[in-house]
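These notes are about the structure you will find just below.
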Amino acid sequence: MKKIALITGATSGIGKACARKFAQGGYDVIITGRRAQLLADLKKELEAIGVRVLALAFDVCNRKAATAAIKSLPLEWQQIDVLINNAGLALGLEPEYEGSFEDWDMMIDTNIKGLLTMTRLVVPRMVARDSGHIINIGSVAGDAAYAGGNVYCGTKAAVKAITDGLRIDLAHTAVRVTNVKPGLVETNFSNVRFHGDDARADKVYEGVKPLTGADIADVVFYAASAPAHVQIAEVLVLATHQASGSVLHRETKK
Ligand code: NDP
Ligand code: 8X3
């Protein structure tokens, strides 16, 4: 039987690239996200590669819906080998003393609580059969705060601590835990962060060659493909002209 990967946030960006990479790598994939039509389109695309695809539309912040989705998995989809906790977002770049309560709640509910919900729902079966791999998408933003990053950076710092904690809790098992921490990746991330202000989003990538979702998917797939005794605990992946969350060299137009 083929291995199975479940990817949250597979409708766009890094998650979509992971779904493609794992499908190309021979995995059957469970793709999830809130936008059902995008999942249906991706399912069609990936099935053409010759793998099985299960599309589950739900919001990771809705614990009832997430629980129902995992509990409803048909028997042949229950053995999830790789859980990629990717669904997440940043909202706003205001100073903390001017930030929006709604934006904060959504980031915390998605990036921290959604990731925890999926982990709690999927990992027990991995423990029971003593195999599996959880790959969380953290961020360079979790290593150090940058201007205006406050709460988003806090959520990714939490992802680091939660990932490290899970690795400790699973050390007696063969289940592996990885934190992949990307830097600047050109996806829908900035359009979401700036609430649909695409011109402002484009400026984020001006004068620099950012990473792509496919670059991150390659790293995620590499971690999942390592020999069973090798646990890639954490990987920081930056664009060549990025040095940290707040240091980025941009080419200025002459
Ligand atoms: P995108 O906006 O392109 O994709 C985000 C994905 O998350 C979408 O598929 C979206 O699906 C899903 N998502 C968001 N909220 C929810 C929710 N409540 N329930 C289910 N799915 C949800 O951004 P990226 O691909 O860039 O982001 C993916 C991850 O990578 C995030 O965790 C982000 O923090 C992290 N990251 C991104 C970086 C970047 O520079 N782009 C750098 C470092 C980390 P839908 O809307 O259909 O629900
Ligand atoms: C997403 C990338 O630039 O906000 O985590 O650190 S950034």
Side-chain angles (χ1 to χ4, degrees), residues 6-20 30-42 55-63 65-66 69 84-93 103 105-118 135-160 162-163 179-196 198 201 203-205 208 210-217 219-220 235-239 241-248:
L6 185 155
I7 302 124
T8 69
T11 57
S12 173
I14 295 170
K16 189 174 187 177
C18 285
R20 286 181 171 140
I30 304 174
I31 51 174
T32 80
R34 290 165 301 182
R35 289 170 289 175
Q37 187 54 53
L38 294 182
L39 290 176
D41 295 345
L42 183 61
L56 296 175
F58 65 90
D59 182 335
V60 293
C61 303
N62 183 336
R63 206 164 268 160
I84 303 172
N85 273 319
N86 161 78
L89 77 173
L91 290 169
L93 207 50
D103 286 355
D105 285 348
M106 188 166 269
M107 287 188 277
I108 291 166
D109 287 350
T110 311
N111 302 0
I112 304 178
K113 292 166 75 178
L115 176 145
L116 276 170
T117 296
M118 293 306 296
I135 303 180
N136 291 334
I137 305 300
S139 172
V140 64
D143 285 356
Y146 54 78
N150 44 67
V151 175
Y152 176 69
C153 296
T155 67
K156 292 299 182 177
V159 169
K160 162 145 180 73
I162 287 164
T163 309
N179 184 11
V180 173
K181 306 185 301 182
L184 195 72
V185 189
E186 191 164 13
T187 63
N188 217 34
F189 179 84
S190 296
N191 312 70
V192 171
R193 167 169 252 170
F194 300 128
H195 299 278
D198 294 341
K203 281 210 171 311
V204 173
Y205 309 106
V208 69
L211 298 166
T212 64
D215 295 326
I216 304 306
V219 174
V220 172
V235 193
L236 175 65
V237 194
L238 300 176
H241 289 291
Q242 180 170 25
S244 72
S246 45
V247 177
L248 187 66

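Each ligand, and each atom within it, is numbered from 1 in the order the structure gives. As the structure is a prediction and not an experimental result, all values here were calculated from the model.
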Take Y146 and L248, measure what side-chain contact (heavy atoms from CB on, under 4.5 Å) needs, and give me the verdict at the end.
CA-CA 12 Å; Y146 54 78; L248 187 66; over 6 Å; no
If I take atom [atom1] from residue [X] and atom [atom2] from residue [Y], how far apart are they, to the nearest 0.5 angstrom?
X    : Y    : atom1 : atom2 : value
L211 : L184 : CG    : CG    : 7.0 Å
I137 : T163 : CD1   : OG1   : 9.5 Å
R20  : L42  : CZ    : CG    : 6.5 Å

Polar contacts were defined as any N/O atom of the residue lying under 3.5 Å from an N/O atom of the ligand; does this apply to V60 and ligand 1?
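Between V60 and ligand 1 (N or O atoms, distance only) the closest approach is under 3.5 Å.
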N188 N/O under 3.5 Å from ligand 1 N/O
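By distance alone, the answer is yes.
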Go through L93 and F194 one step at a time and tell me if the side-chain contact (heavy atoms from CB on, under 4.5 Å) criterion holds.
CA-CA 8 Å; L93 207 50; F194 300 128; 4.0 Å; yes
Measuring from the heavy atoms of [X], does anything fall under 4.0 Å of ligand 1?
X    : value
K181 : no
G183 : yes
C61  : yes
N86  : yes
G138 : yes
T8   : no

Do [X] side-chain atoms and [Y] backbone N/O form a donor-acceptor pair below 3.5 Å?
X    : Y    : result
T11  : R35  : no
T32  : L56  : no
D59  : C61  : yes
T155 : Y152 : yes
T212 : D215 : yes

For ligand 1, which atoms, with element, lie under 4.0 Å from some heavy atom of [X]?
X    : value
R35  : 11 (O), 45 (P), 46 (O), 47 (O)
G13  : 3 (O), 25 (O)
T11  : 8 (C), 9 (O), 10 (C), 11 (O), 45 (P), 47 (O)
I137 : 30 (O), 35 (C)
P182 : 42 (C), 43 (C), 44 (C)

Which pair of non-hydrogen atoms, one from G213 and one from V185, has the smallest distance, and what is that distance?
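Reported closest heavy-atom pair: N-CG1, 3.6 Å.
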Which heavy atom of E186 sits nearest to which heavy atom of P210, and what is that distance?
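Smallest interatomic distance, heavy atoms only, reads OE1-CG, 3.5 Å.
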Can you tell me the protein heavy atom closest to [atom] and the distance?
atom                    : result
atom 34 (O) of ligand 1 : Y152 OH, 2.7 Å
atom 15 (N) of ligand 1 : R34 NH2, 3.2 Å
atom 22 (C) of ligand 1 : A87 CB, 3.6 Å
atom 1 (P) of ligand 1  : S12 OG, 3.5 Å
atom 25 (O) of ligand 1 : I14 N, 2.8 Å
atom 24 (P) of ligand 1 : T187 OG1, 3.4 Å
atom 18 (N) of ligand 1 : D59 OD1, 2.8 Å
atom 40 (O) of ligand 1 : V185 N, 2.9 Å

What do the steps show when you test F189 against L89 for side-chain contact (heavy atoms from CB on, under 4.5 Å), and what is the final call?
CA-CA 7 Å; F189 179 84; L89 77 173; 5.8 Å; no
Ligand-protein N/O pairs under 3.5 Å (ligand 2):
from     : atom 1 : to   : atom 2 : distance (Å)
ligand 2 : 4 (O)  : Y146 : OH     : 2.4
ligand 2 : 5 (O)  : S139 : OG     : 2.5
ligand 2 : 5 (O)  : Y152 : OH     : 2.6

Checking side-chain contact (heavy atoms from CB on, under 4.5 Å) for the pair I112/L116: CA distance, chi angles, key distance, verdict?
CA-CA 6 Å; I112 304 178; L116 276 170; 4.2 Å; yes
Go through the side-chain N and O atoms of D198 and N191 and say whether any donor and acceptor fall under 3.5 Å apart.
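There is such a pair between these side chains.
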